[in-house]
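As structure tokens, the structure follows; a few thoughts come after it.
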Amino acid sequence: FSTITDMNLLQTLRATNFQPSYNNSSRIRTYATNERQTKFFDKVGSFKNAMLISHSDTSTFHGRPMNIAGVEEEAVWFFTHRNAPKTDEIKEDQKVALSLQSPNSYIFASGSAKLIKDQQKINKLWKDEYKAWFPKDTKKEDISLIKVIPKDGEYWDYTSGTGILSYMLGSQPKGENEKVQM
């Protein structure tokens, strides 16, 4: 969007009857610049959790399961404690990867991560289930957001096909596979 002024963007969106893409969850709203990206972010938004993979201080990969707080602004958002080891890893090396898996759908994305301390955004993405990790008030807790901006990704979706069952039966699964550049 950086090459289009806000007014031109608004006119373009109106002229093309642009509709933001919504997932079943009200916390997810994606705006992508093309149909492939929109489809990719919608698929990411259908997941509740992801493995966030960063580089540790020993130059090895470090992955951990994270609850997806939201998918918007062409990014995937997570909550974290400001002093968690992953924040040091991200400060040291912003390159990260995401891995998502369900019985019939798989996604991998690589990109960069930023640590964000924005109380409005925290309030917008907050859900009561996060009290298990952050029991204090959101303003008193040492909460930060991790904003992961995928640079490229790939998904394999067998939800409308035969998926893993095909492998077990010795045939090739039917479904979608797409590489996406952001």
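Treat the numbers as computed from the prediction; the structure is a model and nothing was measured.
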Just wondering, more than 12 heavy atoms not from E154 lying within 6.0 Å of its CD? yes
Neighbour count >12 (heavy atoms, 6.0 Å) for atom CD, Q120: no
In one Ile/Leu/Val/Met/Phe/Trp/Tyr side-chain cluster, 4.5 Å: [X], [Y]:
{"X": "I116", "Y": "W133", "answer": "yes"}
{"X": "I149", "Y": "M182", "answer": "no"}
{"X": "F47", "Y": "L52", "answer": "yes"}

Using the rule given for salt bridge (charged side-chain N to carboxylate O under 4.0 Å, His left out), can you reason through E178 versus R36, listing the C-alpha separation, both sets of side-chain angles and the distance that settles it, and then say yes or no? CA-CA 8 Å; E178 183 102 40; R36 291 172 70 186; 2.7 Å; yes
Atom pair [atom1] ([X]) and [atom2] ([Y]), whose distance is rounded to the nearest 0.5 Å:
{"X": "K124", "Y": "D118", "atom1": "NZ", "atom2": "CG", "answer": "10.0 Å"}
{"X": "K117", "Y": "R82", "atom1": "NZ", "atom2": "CZ", "answer": "4.0 Å"}
{"X": "M66", "Y": "L100", "atom1": "CE", "atom2": "CG", "answer": "12.0 Å"}
{"X": "K43", "Y": "I107", "atom1": "NZ", "atom2": "CD1", "answer": "7.5 Å"}
{"X": "K179", "Y": "F40", "atom1": "NZ", "atom2": "CZ", "answer": "13.0 Å"}
{"X": "N49", "Y": "L98", "atom1": "CG", "atom2": "CG", "answer": "12.0 Å"}

Where is the tightest heavy-atom contact between [X] and [Y], given as atom of each residue plus distance?
{"X": "A75", "Y": "P150", "answer": "CA-CD, 4.3 Å"}
{"X": "I90", "Y": "A113", "answer": "CG2-O, 3.7 Å"}
{"X": "V76", "Y": "I68", "answer": "CG1-CG2, 4.0 Å"}
{"X": "T87", "Y": "A84", "answer": "OG1-O, 2.6 Å"}

Using modelled atom types only, decide if a donor and an acceptor are shared between the side chain of Q37 and the backbone of Q181 within a distance under 3.5 Å. yes
Donor-acceptor contact present, side-chain R64 to main-chain H62, <3.5 Å: yes
What class does the angle between the rings of F134 and H81 fall in, given that below 30° is parallel, 30 to 60° is tilted and above 60° is perpendicular? tilted
Side-chain contact test, heavy atoms from C-beta onward, threshold under 4.5 Å: evaluate it for N177 versus Y155 and give yes or no. no
Does N67 form a side-chain contact (heavy atoms from CB on, under 4.5 Å) with F78? I'd like the steps, not just the answer. CA-CA 7 Å; N67 185 274; F78 303 94; over 6 Å; no
Could you walk me through whether V96 and I146 pass the side-chain contact (heavy atoms from CB on, under 4.5 Å) test, one step at a time? CA-CA 11 Å; V96 297; I146 299 173; over 6 Å; no
Name all residues meeting the side-chain contact (heavy atoms from CB on, under 4.5 Å) criterion together with Q101; count only those two or more places apart in sequence or in a different chain, and write none if there are none. Y106
Worked check of side-chain contact (heavy atoms from CB on, under 4.5 Å) between K121 and K147: CA-CA 11 Å; K121 191 70 164 178; K147 179 181 183 181; over 6 Å; no
Establish, yes or no, whether a centroid distance under 6.0 Å links the rings of F108 and W156. no
Test side-chain contact (heavy atoms from CB on, under 4.5 Å) on L125 and Y130 and set out the steps. CA-CA 10 Å; L125 296 174; Y130 297 143; 5.7 Å; no
